[in-house]
There are 2 protein chains.
Amino acid sequence: MQNILFDFISKYISLTEDEKNAILSLDLFRSIKKGTILLKEGQKSKDEYFVLKGCIRKYYLTDGEEKTTAFFTEMEGLTPHCAISKTPSEYYISCIEDTILLVSNSDMGIEINSKFPKFELMCRILSEELLAKQQIDFDEFKTSSPEQRYLNLLQKRPDLIQRVPQHQLASFLGIKPQSLSRLRARILEKKI
Amino acid sequence: MQNILFDFISKYISLTEDEKNAILSLDLFRSIKKGTILLKEGQKSKDEYFVLKGCIRKYYLTDGEEKTTAFFTEMEGLTPHCAISKTPSEYYISCIEDTILLVSNSDMGIEINSKFPKFELMCRILSEELLAKQQIDFDEFKTSSPEQRYLNLLQKRPDLIQRVPQHQLASFLGIKPQSLSRLRARILEKKI
DNA sequence: AAAACTCGTTCACTTAAGTTAAGTAATTCA
DNA sequence: TGAATTACTTAACTTAAGTGAACGAGTTTT
């Protein structure tokens, strides 16, 4: 598991053995059971998550209805808004599979960044990359129809469609579960 | 104009006179005329933009149709995807008003970041903040209807609705100009 | 000044998503 | 194992967005 992490980091910066040990000594690895809720609406948490294996899901609960807006799988990180703004969380985060996470918090972030300035660099690059990727995703979402979004997802993240419940996928695509069912039926009909 | 910049920076880090002079010596300020295209599809530019005054717009051109996905106004920055990924740009950026910009490029970024490590910190904080904000925006977009999005924009960015042409606003809201017209008429009718 | 163009709106029509309800399959739980 | 719950699909109906066309107001071009 540790190797997976260091392989990932090595894409951005090179670490000495000392630095690797410093990271390991922080003891960030967590095994989480499917269904566990990591963050609830209203909570003030400083925790940040990085998925090594499994899948976590971000969702809002409005009028008793869950609205899933994001999934994070292998090698994807999530810094909840509440950890940055220090306000209560507006959303929930839960594990939809048994998951292995890195859980760090902003205080540790500050500590390790001041000890190892390299980290600051990696964090900047990572969040700039993520920001750019996110903007592309947002652009694609805005400029396409639900059907196009589904077909696009089928191309880019076929795994998600397999591992995630349909009703959670639906709100991720910005539609209702019934519409997703219908849309899938429509696509199948076209193919025949 | 310089004071506006330093006031903004002072929210994140404190600068010495030397550092301020180093920034000014880079000569980043640009006055751009309304209608100027800063970046075209297919171009490989390393330029990044920060709006001091005015408004710039990001849009895709598909099948001869412009699809506007973002506006950037005072104190908002845009690092085009092509500047990070070093691939040709998929979109256009143009000024929709006479605009004063800071234009920097990634090479300068590397130079200044290595001279002043403080900058690395500010850039990380800025892009993390922006990422979190962007995620909230994306979530809101996903979980709301075109009408709700319009009403939401009316609350949060009433200036945009004034300063931006309707047909550009429409694609920003993920709909066609005709639908925006109809939607506005519908809202007015409800109020009466 | 007339012609051409752009922009916003409206209309009629088509298509697809939202809503409500019902039914079936699959999973969880007692 | 049987009951309860949850997940997914289908259907009928409603509502809203997409489409193509037309119009007038305001600009720009020639």
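Computed from a prediction, not measured in an experiment: that's the story for all the values here. To find a chain, count down the sequence lines: A is the first, B the second, and so on, and within it residues start at 1.
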Handout entry: Parallel, tilted or perpendicular: ring planes of A/F138 versus B/F138, cut at 30 and 60 degrees
Key = parallel
Practice task
Consider only side-chain N and O atoms of B/Y91 and A/Q135, and report whether a donor and an acceptor are under 3.5 Å apart.
Solution key: no
Completion exercise
Between A/T87 and A/S85 the two heavy atoms that sit nearest each other are OG1-OG, 2.6 Å
Exercise for the section: Would you jot down, in residue-number order, the residues of residues 175-183 of chain B having a non-hydrogen atom under 4.0 Å from DNA chain D? Expected result: B/I175, B/K176, B/Q178, B/S179, B/R182
Exercise for the section: Ignoring backbone atoms, test whether A/H167 places a side-chain nitrogen or oxygen under 4.0 Å from the OP1 or OP2 oxygen of D/dC8. Expected result: yes
Problem - Side-chain heavy-atom pair B/F8, B/L126 within 4.5 angstrom cut-off - result: yes
Handout entry: Non-hydrogen side-chain atoms of A/M75 and A/L52 separated by less than 4.5 Å
Key = yes
Handout entry: Within 6.0 Å of NZ in B/K53, more than 12 heavy atoms from elsewhere
Key = no
Exercise for the section: Send over the distance from A/I161 CD1 to D/dA7 C1', rounded to a whole Å. Expected result: 17 Å
Handout entry: Where chain B begins and ends its contact with DNA chain C, read 5' to 3' at 4.0 Å from heavy atoms
Key = C/dC7 to C/dT10
Practice task
Starting from P on D/dT9, measure out to CD1 on A/I187 and report it in whole angstrom.
Solution key: 12 Å
Problem - Between D/dG18 (P) and B/K67 (NZ): distance, integer Å - result: 10 Å
Exercise for the section: Output yes when B/R124 and B/E128 qualify as a salt bridge under the 4.0 Å nitrogen-oxygen rule, no when they do not. Expected result: yes
Practice task
Take the protein atom CZ of A/R186 and the nucleotide atom C1' of D/dT10, then report the distance between them rounded to whole Å.
Solution key: 14 Å
Problem - Least distance between heavy atoms, A/K142 atom then B/T69 atom - result: NZ-O, 2.8 Å
